[in-house]
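Input: a single structure, listed below in structure tokens.
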Amino acid sequence: LGYQEKLVRKLVNELNRYDHFFFEIQNEPWADHNVPVYNIVNKDDLLENDWTYKVDLASEASLEWQAKIAGFITDEETDLERKHLIAQNYCNYKAPLSGIGENISIINFHYAWPEAVEWNYGFNKVIGFDESGFAGSGDQVYRRQAWRFILSGGGLFNNLDYSFSAGYEDGTLKNKAPGGGSAELRSQLKVLKNFIHDFDLVNLKPDKISIIQAPGMIPYLLSDPGKSYGMYLQAVGMEKSQLLMQVPDGSYTVSWTSTLSGETIRTEEVSTKNGHLILTVPFEDGEIAIKIEVLEE
């Protein structure tokens, strides 16, 4: 531990001048000495080495060690110019965590589900989808994972990208791998980045009440109620549907964005009646992003 402390403090000092990163203490700390707690499919059995269907947590000894390392980082930065966020990788998929270390700013999950945000939102920390993969090599699944997670209130998404390899440093490899990655996917993730950064993020919160009915659609919504709404809709066997929302009476601008190209499909002005807003929703490749903003008088 003494050598580890010296290494950590050395790294913290050498890296302090940079502002474009955060620390994560350990990758998948549950992998070697795991504590199985939850089956993500409709079963209760917790089999050993069954990581694709269950959630494992790190052992008490691992958690104690990670807290110690986070303490070294925080202590070493006390008198340094910059203070960096510290992330802890808690588990795969989703789980309601029992507590967060006092020096931890980012709660990271691998292969995260939107419930990872919902169940841990009360900690008031950044919640991260910290690794994608093992769901095929196509772009669609990872694009949709990113949109679902961020529009549920997640704070970051990063993905394993198998298109980068020796000889393919430009990220153009067509790789038969357990995960995805391509120039097309990266451009699609930029669409999400641009979409979400077009809002006043400080005021957006996950919204479970403004959508009254979304037939044939799975909705994910962030809002500053009565002012702005950011929405991702995924179709389930539908090419077109109608969305019914409950919003304060007024006039709004509605913009429809392609999650593939980032192009604005159309923009329209609508008015509510008796607090209800009805939108006819078209889908491109089974999904669409919508921004709704109140028109100031």
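Here, residue 1 is the first one in the sequence, and each next residue gets the next number. Values below: all heavy atoms of this structure, side chains included; hydrogens, waters and symmetry mates excluded.
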- Query: Once you round to the nearest 0.5 Å, how far does CD of E118 lie from CH2 of W113?
  - Reply: 13.0 Å

- Are the side chains of F195 and K291 in touch, meaning some heavy atoms are under 4.5 Å apart? yes

- Item | Whether S165 side chain and Y168 backbone form a donor-acceptor pair below 3.5 Å | no

- Message: Any donor-acceptor pair under 3.5 Å linking the side-chain atoms of W147 with those of Q234?
- Response: no

- Take F123 and L97, measure what side-chain contact (heavy atoms from CB on, under 4.5 Å) needs, and give me the verdict at the end. CA-CA 9 Å; F123 287 114; L97 303 177; 4.2 Å; yes

- Decide, yes or no, whether a salt bridge links E268 with R266 under the criterion of side-chain N to carboxylate O below 4.0 Å. yes

- Message: Looking at E239, I'd like to know if its CD atom is crowded, meaning that more than 12 non-hydrogen atoms belonging to other residues, nucleotides or ligands lie closer than 6.0 Å.
- Response: no

- On a heavy-atom basis, the closest approach of S210 and L221 is CB-CD2, 3.9 Å

- Note on the structure: Here the gap from E284 atom CD to S258 atom OG, rounded to the nearest 0.5 Å, amounts to 3.5 Å

- What pair of heavy atoms forms the shortest contact from S182 to D161, and how long is it? N-OD1, 3.8 Å

- Message: If you define the side chain from C-beta out and look only at heavy atoms, does anything of D139 sit under 4.5 Å from L260?
- Response: no

- Task: Give a yes or no on this: more than 12 heavy atoms of other residues, nucleotides or ligands lie within 6.0 Å of atom CZ of R82.
- Result: yes

- Message: I'd like to know if L244 and V270 are part of one continuous hydrophobic network [Ile/Leu/Val/Met/Phe/Trp/Tyr, side-chain heavy atoms within less than 4.5 Å].
- Response: no

- Query: If you group Ile, Leu, Val, Met, Phe, Trp and Tyr by side-chain heavy-atom gaps below 4.5 Å, do V254 and I196 land in one group?
  - Reply: no

- K94 to Y38 - nearest heavy-atom pair and separation: O-CD2, 3.7 Å

- Query: When rounded to the nearest 0.5 angstrom, what distance separates OG in S152 from NZ in K208?
  - Reply: 6.0 Å

- Message: Please identify which of these residues, N39, L46, V37, meets the side-chain contact (heavy atoms from CB on, under 4.5 Å) condition with V55.
- Response: V37

- Flag if over 12 foreign heavy atoms under 6.0 Å of CG, N49: no

- For Y142 against G180, the heavy-atom pair lying closest together: CE1-N, 3.4 Å

- Query: Distance only, no hydrogens: is a donor on one side chain within 3.5 Å (strictly under) of an acceptor on the other, for S255 and T264?
  - Reply: no

- Same cluster or not: are Y111 and V41 linked, directly or through other Ile, Leu, Val, Met, Phe, Trp or Tyr residues, by side-chain heavy atoms under 4.5 angstrom apart? yes

- Query: Do D285 and R143 pass the side-chain contact (heavy atoms from CB on, under 4.5 Å) test, and can you show the C-alpha distance, the side-chain angles, and the key distance before you say yes or no?
  - Reply: CA-CA 12 Å; D285 199 30; R143 179 183 71 244; 3.1 Å; yes

- Message: Is it true that N159 and S132 share a donor-acceptor pair across their side chains at a distance under 3.5 Å?
- Response: no

- Task: Please say whether more than 12 non-hydrogen atoms of neighbouring residues, nucleotides or ligands are located less than 6.0 Å from OH in Y18.
- Result: no

- List the atom of M231, the atom of L151, and the distance in Å for their closest heavy-atom pair. N-CD1, 3.9 Å

- Query: Judged by modelled atom types alone, do T259 and E287 share a side-chain donor-acceptor pair under 3.5 Å?
  - Reply: yes

- Task: Tell me, yes or no, whether the heavy-atom count around D44 atom CG, taken from other residues, nucleotides or ligands under 6.0 Å, exceeds 12.
- Result: no

- Message: Assigning hydrophobic clusters by single linkage (Ile, Leu, Val, Met, Phe, Trp, Tyr; side-chain heavy-atom cutoff under 4.5 Å), is I212 placed with I278?
- Response: yes

- Message: Less than 4.5 Å apart, side chain to side chain, heavy atoms only: is that true for I127 and I106?
- Response: no

- Query: OH of Y93 to CD of E115: how many Å apart, nearest 0.5 Å?
  - Reply: 13.5 Å

- Note on the structure: Taken to the nearest 0.5 Å, the spacing of E28 CD from Q26 CD works out to 9.5 Å

- Message: Between I104 and Q66, is there a side-chain heavy-atom distance shorter than 4.5 Å?
- Response: no

- Message: Looking at F283, I'd like to know if its CZ atom is crowded, meaning that more than 12 non-hydrogen atoms belonging to other residues, nucleotides or ligands lie closer than 6.0 Å.
- Response: yes

- Taking it one step at a time, do F23 and L85 satisfy side-chain contact (heavy atoms from CB on, under 4.5 Å)? CA-CA 6 Å; F23 292 103; L85 302 179; over 6 Å; no

- Item | Minimal non-hydrogen separation, L57 against C91, with atom names | CD2-CB, 3.8 Å

- Would you say the ring centroid of F134 lies under 6.0 angstrom from that of W51? yes

- Count the heavy atoms of every other residue, nucleotide or ligand shown that sit under 6.0 Å from NZ of K83, and state whether that count exceeds 12. yes

- Message: Can you see whether H84 engages E77 through a side-chain donor-acceptor pair at a distance of less than 3.5 angstrom?
- Response: yes

- Item | Side-chain donor-acceptor contact under 3.5 Å, E293 with Y252 | no

- Item | Heavy-atom side-chain contact between I218 and L233 under 4.5 Å | no

- So, S251 side chain and S271 main chain: donor-acceptor pair closer than 3.5 Å or not? no

- Short N-O contact, R9 and E76, less than 4.0 angstrom: yes

- Compare all side-chain heavy atoms of Y220 with those of P114 and state whether any distance is below 4.5 angstrom. yes

- Flag side-chain contact, heavy atom, 4.5 Å: T253 against I292: no

- Query: Can you find a side-chain donor-acceptor pair between N16 and N13 that sits under 3.5 Å?
  - Reply: no

- Task: Check whether any side-chain N or O of T257 sits under 3.5 Å from a backbone N or O of G262 as a donor-acceptor pair, and report yes or no.
- Result: no

- When rounded to the nearest 0.5 Å, the distance separating NZ of K193 from CD of Q188 is 16.0 Å

- Close aromatic pair by centroid cut-off 6.0 Å: F149 and F157: no

- Side chains of Y121 and P206: does their closest heavy-atom pair fall under 4.5 Å? yes

- Query: Run the side-chain contact (heavy atoms from CB on, under 4.5 Å) check on E131 and N27 step by step: do they pass?
  - Reply: CA-CA 10 Å; E131 180 178 307; N27 178 61; 4.2 Å; yes

- Query: Is D170 atom CG crowded by more than 12 heavy atoms from other residues, nucleotides or ligands, each under 6.0 Å away?
  - Reply: yes

- Got a donor-acceptor contact below 3.5 angstrom from the D198 side chain to the N194 backbone? no

- Message: If the test is side-chain hydrogen bond (donor to acceptor under 3.5 Å, both in side chains), which one of T52, D56, D50 qualifies with K54?
- Response: D56

- Query: Strictly by modelled atom types, are N274 and D249 linked by a side-chain donor-acceptor pair under 3.5 Å?
  - Reply: no

- Message: Regarding K68 and E64, does a basic nitrogen lie under 4.0 Å from an acidic carboxylate oxygen?
- Response: no

